[in-house]
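In this chain, numbering begins with 1 at the start of the sequence shown. Being a predicted model, the structure only gives us computed values, none of them experimental. Only this structure's heavy atoms are used, side chains among them; waters, hydrogens and symmetry mates stay out.
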Amino acid sequence: RLVAQLYYVRELGQPEIAALTGFSISKVSRLLATARAAGVVRISVEGAPASPTPLARALSEALGLEVWVTPGHETGPALAARLCGVAAAPRLAGELPHEGAIGLTGGYTVESLVAALPSANLPGATVVPLVGGWDSSNPHLNSNEIARHMAERIGAGVRLLHAPGLLDSEATTAALLADSAVTATTRYWGELKLALVGMSGAPRFAPGYGTVMDRLDDAGRARIAGKGAVGDVAGHLVRLDGSFVSDEWERRTISIPIETLRSVPRVVGIAAGANKIETIVAGARTGLLHLLITDEPTAAAALELASRPA
């Protein structure tokens with residue numbers, strides 16, 4: 001009990017306790033484990049809120065859609081995205097349909113969310129990628145592997161999309177979308193019950209992890225930035241006002257069409273990090289999303305941006 005009090009109440013480190021008591025550090029560690037097992041120490045962690053936080057409600061009102069805010073205070077893009085994905089997994093698990101098609105994009109946050117999903121048994125569901133599936137240079141953009149992993153986690157079937165994310169020409173993209181090996185999967189896009197979509201940041205950002213913007217050279221980034229693009233939603237470039245950018249990059253991309261995505265009964269968008277603030281506001285303004293999941297710092301910044309006069 002004394003060792004437990006020193007560690008948990010007085011917040012001394014194990015080496016300090018060992019020095020005070022004369023015990024070895026390994027014995028201090030064993031005594032702490034014994035205290036937990038005997039019930040001398042009881043550790044509780046406050047669970048996620050059962051209802052939206054005040055910040056989530058404020059952002060929901062500002063953007064006109066459901067918002068769920070995950071805990072966290074990280075502002076670095078890579079860590080914020082990863083932690084948001086992990087924290088969002090239980091929330092998304094409650095959204096999964098027991099049968100029908102579930103679509104997802106790739107992305108750092110989506111990959112993190114999928115890895116943290118609780119195990120389930122949904123044999124009536126089928127997971128399908130919503131964007132081209134091959135990307136050997138950025139594993140978290142490989143939507144086929146992420147779809148496969150999600151299917152394994154939730155006990156569902158999976159259909160892979162045998163196409164890269166970006167092709168050399170618009171003509172090649174159109175031809176591939178008409179190929180039977182690809183339509184065998186894309187036909188599920190019209191039957192989706194749920195879509196989980198990631199959102200990339202504006203082309204000016206280098207967040208410390210690979211994004212779809214890395215498929216553009218400097219001239220390409222400057223071109224879409226000049227057209228007002230602040231990011232993409234499911235492979236479609238968006239402006240801050242929620243309008244879509246027409247560009248050859250998008251027409252060379254294998255992705256679910258906008259109107260098909262708009263017809264999905266439940267679309268969940270997830271993004272976090274300082275590089276995603278404009279994208280979140282833009283994505284919400286497209287009208288494609290029903291639920292937005294982000295973290296506290298990103299939500300607060302998005303609320304400030306969304307509240308500015310037009």
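- We find that Arg57 and Glu61 are not joined by a salt bridge, their nearest charged nitrogen and carboxylate oxygen being 4.0 Å or further apart.
- In this structure, the side chains of Thr109 and Lys276 come closer than 4.5 Å at one or more pairs of heavy atoms.
- Both Leu20 and Leu31 are part of a single hydrophobic cluster, where members link through side-chain heavy atoms under 4.5 Å apart.
- If you chain together hydrophobic residues whose side chains sit under 4.5 Å apart, Leu79 and Val86 never meet in one group.
- In this structure, Val268 and Leu194 have side chains that are in contact, with non-hydrogen atoms separated by less than 4.5 Å.
- Contact annotation: the side chain of Trp189 approaches that of Pro257 to within less than 4.5 Å [non-hydrogen atoms, C-beta and beyond].
- Residues Leu55 and Leu292 are members of one and the same hydrophobic cluster, defined by side-chain heavy-atom contacts under 4.5 angstrom among Ile, Leu, Val, Met, Phe, Trp and Tyr.
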query = Could you walk me through whether Glu152 and Arg148 pass the salt bridge (charged side-chain N to carboxylate O under 4.0 Å, His left out) check?
reply = CA-CA 6 Å; Glu152 291 174 353; Arg148 194 197 309 273; 5.6 Å; no
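- With hydrogens and angles disregarded, a donor-acceptor distance shorter than 3.5 Å links the side chain of Thr298 to the backbone of Gly273.
- Using a 4.0 Å cut-off between a side-chain N of Lys or Arg and a carboxylate O of Asp or Glu, Arg10 and Glu16 do not qualify as a salt bridge.
- Of the charged side-chain nitrogens involved, none lies within less than 4.0 Å of a carboxylate oxygen, so that Arg251 and Glu248 do not count as a salt-bridged pair.
- Residue Leu65 holds its CG atom at 6.0 Å from OG of Ser60, rounded to the nearest 0.5 Å.
- At a threshold of 4.5 Å between side-chain heavy atoms, the hydrophobic network of Ile, Leu, Val, Met, Phe, Trp and Tyr places Phe244 and Ile254 in one connected group.
- Thr53 approaches Val69 most closely through the heavy-atom pair OG1-CB, 4.1 Å.
- Closest approach of Val197 and Val110 over heavy atoms only: C-CG2, 4.3 Å.
- Residues Val131 and Pro129 are not in side-chain contact: their nearest non-hydrogen atoms beyond the backbone lie 4.5 Å or more apart.
- Looking at Thr126 and Val128, their side chains come closer than 4.5 Å, going by heavy atoms from C-beta outward.
- At least one donor-acceptor pair closer than 3.5 Å links the side chain of Thr279 to the backbone N or O of Val230.
- Looking only at side-chain heavy atoms (C-beta outward), Arg91 and Leu291 come within less than 4.5 Å of each other.
- Counting heavy atoms from C-beta on, the side chains of Leu289 and Leu63 never come closer than 4.5 Å.
- Ile258 and Ile280 fall within a single hydrophobic cluster, where Ile, Leu, Val, Met, Phe, Trp and Tyr side chains are chained together by heavy-atom contacts under 4.5 Å.
- Between the Thr253 side chain and the Ser255 main chain, no donor and acceptor come within less than 3.5 Å of each other.
- For the atom pair His236 NE2 and Trp249 CH2, the distance stands at 9.5 Å (nearest 0.5 Å).
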